[in-house]
Amino acid sequence: MDTTMTGIDQVSDQWALALNEEQRTVFMEVIEESLRLQHRSHFFNWLQRGFQCLLAHEVVVIGVRGLERASYDYEYLTSSRYFGDTQFDQVLNEEDGLVHEAFTRWSQLGMPVFYHTDPQSQQYNHYAVEHVEADRMLASELKRFVVHGFGNEHSRIATMVMFGRLNSPANAQTAHLLELLMPHLHCAIVKVTANKSPSVLSTPSRNGRIKPLSKRELEVLEWLQAGKTNWEIGGIMQVSPLTIKNHVQNILRKLDVENRSQAASKALKLGLIHRSQ
C-alpha cells in the first residue's frame with residue numbers, strides 16, 4: 001500500500017494537529033516557566049503544574065548522556081506510591097527492562113513511542129504504538145507510557161524521557177504535544193544537571209553545606225570506603241548493581257565530588273562514616 005502523503009494531505013494533517021486556544025495558552029505558560037528552572041525541586045514542580053494539562057502522567061524516567069560517555073545516567077521522579085526503586089531497577093534492566101527496551105526502540109525510530117496493552121503494534125507518520133503483554137506491564141507499575149528523546153550519539157548532551165501511568169491518549173495529538181515539549185524538556189534537564197556530577201537531576205550544595213544523605217546512601221558509602229564494587233555491594237544489600245550505581249551517583253552529587261574515592265575520603269573527613277578496620 002502506498003502511504004506517501006501528498007502536499008494536501010500534509011497540510012490537512014498539520015491542521016488536525018494544531019493546538020486549540022487553551023492548549024496554546026498553557027503551552028506558552030509551560031515554556032515561560034521552564035526558563036526559571038534551576039534545581040531538581042523546580043523541575044518536579046514544573047512537571048506537576050501546567051505540564052500535566054498537556055501531558056498527564058505520574059512517573060517520569062529521565063536519561064542523560066554526555067558526548068564523553070557511551071551510556072545514559074538515569075533517574076526517576078514520581079507522584080505515585082506504586083512506583084519506586086524496585087520498579088525503577090526492573091524497568092531499566094539491560095536484559096529485559098521494559099523502559100530500557102522502549103528507549104532502544106525510540107533510538108531506532110526517532111519519534112514518540114507509546115506502550116500499551118490494548119492496541120496492536122503499529123507505526124504511523126508521527127508516532128508508533130508498541131503492544132506489551134498485560135502481565136509485563138502490570139509488573140512495571142507503569143500502566144501505559146510514552147518515550148521520546150532529544151539528540152543522538154553525535155550530540156554533546158542527549159536526553160531521553162519516559163512518561164508513565166499516562167492519562168493522555170496514544171494518538172497523533174499527544175505525540176505532537178510531546179514533540180513540541182521535548183526541546184524545552186531537554187533544555188530544562190540540561191539546566192538542572194550538575195556540570196561535574198554524573199547524577200542526572202542534581203541540586204548543588206550552597207555555601208559549602210552538604211545535602212543530607214539517606215540511610216541507604218550512608219550504608220553504600222561505608223562499603224565504598226571498604227573498597228567494594230557495585231556488584232559486591234548489591235550482593236551484600238540484596239539489590240541490583242544498577243540500584244547501587246544510582247545510589248553512588250546521588251552520593252557524588254550530594255558530596256560534590258567526582259569519583260568514589262573522593263566520596264569516601266570526604267565522608268571520612270566530615271565524620272559521615274568511619275574508617276574500616
Side-chain angles (χ1 to χ4, degrees), residues 16-31 33-34 37 40-63 74-84 86-88 90-92 97-103 105-106 109 111-124 126-150 159-186 188-189 201:
L17 295 177
L19 305 186
N20 60 39
E21 183 175 352
E22 181 181 358
Q23 288 174 321
R24 288 197 298 270
T25 299
V26 175
F27 181 74
M28 293 305 299
E29 291 174 351
V30 167
I31 293 176
E33 189 176 356
S34 73
L37 303 181
R40 175 197 171 105
S41 59
H42 299 166
F43 185 84
F44 180 76
N45 291 334
W46 178 60
L47 293 178
Q48 294 305 303
R49 291 196 282 266
F51 200 101
Q52 289 283 345
C53 298
L54 300 175
L55 195 69
H57 65 278
E58 295 180 32
V59 181
V60 184
V61 173
I62 295 171
Y74 298 100
E75 191 163 335
Y76 74 94
L77 304 170
T78 181
S79 60
S80 171
R81 63 188 179 91
Y82 298 106
F83 189 94
T86 299
Q87 289 74 30
F88 175 65
Q90 173 190 328
V91 299
L92 285 173
L98 189 53
V99 174
H100 181 270
E101 175 185 305
F103 282 151
R105 182 63 172 152
W106 172 80
L109 297 178
M111 60 184 179
V113 186
F114 294 87
Y115 281 73
H116 285 227
T117 57
D118 297 333
Q120 296 300 312
S121 298
Q122 191 165 352
Q123 187 172 331
Y124 302 91
H126 304 286
Y127 67 102
V129 177
E130 297 288 337
H131 173 73
V132 180
E133 294 298 329
D135 290 347
R136 192 179 183 203
M137 185 68 87
L138 181 62
S140 75
E141 290 291 355
L142 292 175
K143 287 190 175 179
R144 58 180 180 175
F145 64 92
V146 62
V147 299
H148 198 24
F150 192 95
T159 57
M160 297 190 296
V161 183
M162 184 285 303
F163 291 99
R165 301 182 76 85
L166 196 67
N167 290 327
S168 304
N171 57 26
Q173 179 74 22
T174 302
H176 182 59
L177 273 169
L178 184 51
E179 287 188 306
L180 292 174
L181 289 165
M182 193 63 224
H184 305 285
L185 267 166
H186 173 78
I189 293 168
L201 300 175

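- You'll find the side chain of Q48 reaches within 4.5 Å of the side chain of S79, heavy atoms only.
- At a threshold of 4.5 Å between non-hydrogen side-chain atoms, the residues L77 and V59 do not count as touching.
- When each of V30, L54, L19 is paired with L180, the side chain to side chain contact (heavy atoms under 4.5 Å, CB included) condition holds for L19 and for no other.
- With contacts defined as side-chain heavy-atom distances shorter than 4.5 Å, the pair M182/T159 qualifies.
- In this structure, H57 NE2 and L142 CG are separated by 12.0 Å, a value rounded to the nearest 0.5 Å.
- No side-chain N or O of S34 forms a donor-acceptor pair with one of H184 less than 3.5 Å apart.
- The nearest pair of heavy atoms linking V26 to G50 is CG1-O, 3.5 Å.
- Side-chain contact between Y127 and T174 is absent, with no heavy atoms from C-beta onward closer than 4.5 Å.
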Take R136 and E101 through the salt bridge (charged side-chain N to carboxylate O under 4.0 Å, His left out) test and state the conclusion after the steps. CA-CA 12 Å; R136 192 179 183 203; E101 175 185 305; 2.9 Å; yes

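- Once rounded to the nearest 0.5 Å, the distance linking CG of L109 with CE of M111 reads 5.0 Å.
- For K143 and E58, the salt-bridge test fails: no basic side-chain N is under 4.0 Å from an acidic carboxylate O.
- Separating the CZ atom in F44 from the NE2 atom in H42 is a distance of 13.5 Å, to the nearest 0.5 Å.
- Below 30°, between 30° and 60°, or above 60°: for W106 and H148 the angle between ring planes is above 60°, a perpendicular geometry.
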Go through E29 and R49 one step at a time and tell me if the salt bridge (charged side-chain N to carboxylate O under 4.0 Å, His left out) criterion holds. CA-CA 10 Å; E29 291 174 351; R49 291 196 282 266; over 6 Å; no

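- The aromatic rings of F88 and F83 stand perpendicular to each other, their planes meeting at an angle above 60°, with 30° marking the opposite boundary.
- Put simply, the side chain of Y74 does not reach to within 4.5 Å of the side chain of I62, judged on heavy atoms.
- In this structure, W46 and F43 have tilted ring planes: the angle between them lies in the 30° to 60° band.
- For the residue pair L166 and R144, the shortest heavy atom distance occurs at O-NE, 2.9 Å.
- Side-chain contact check for V161 versus I189: some heavy-atom pair is nearer than 4.5 Å.
- With a 4.5 Å cut-off on side-chain heavy atoms, V60 and L47 count as touching.
- Contact of the E130 side chain with the V113 side chain is registered, since non-hydrogen atoms from C-beta on lie closer than 4.5 Å.
- The OH atom of Y82 lies 8.0 Å from the CD atom of E141; values are rounded to the nearest 0.5 Å.
- The heavy-atom pair separating L178 from P112 by the smallest distance is CD2-CB, 4.2 Å.
- In plain terms, the two heavy atoms of L185 and F51 that are nearest each other are CD1-CZ, 3.9 Å.
- Note that CG of L177 is 8.0 Å distant from OG of S168, once rounded to the nearest 0.5 Å.
- In plain terms, the two heavy atoms of H131 and S121 that are nearest each other are N-OG, 2.9 Å.
- More than 12 heavy atoms of other residues, nucleotides or ligands sit less than 6.0 Å from atom CG of N20.
- Closest approach of Y76 to G84, counting heavy atoms only: OH-C, 3.3 Å.
- Between the CD atom in Q52 and the CG atom in N167 there is a gap of 8.0 Å [rounded to 0.5 Å].
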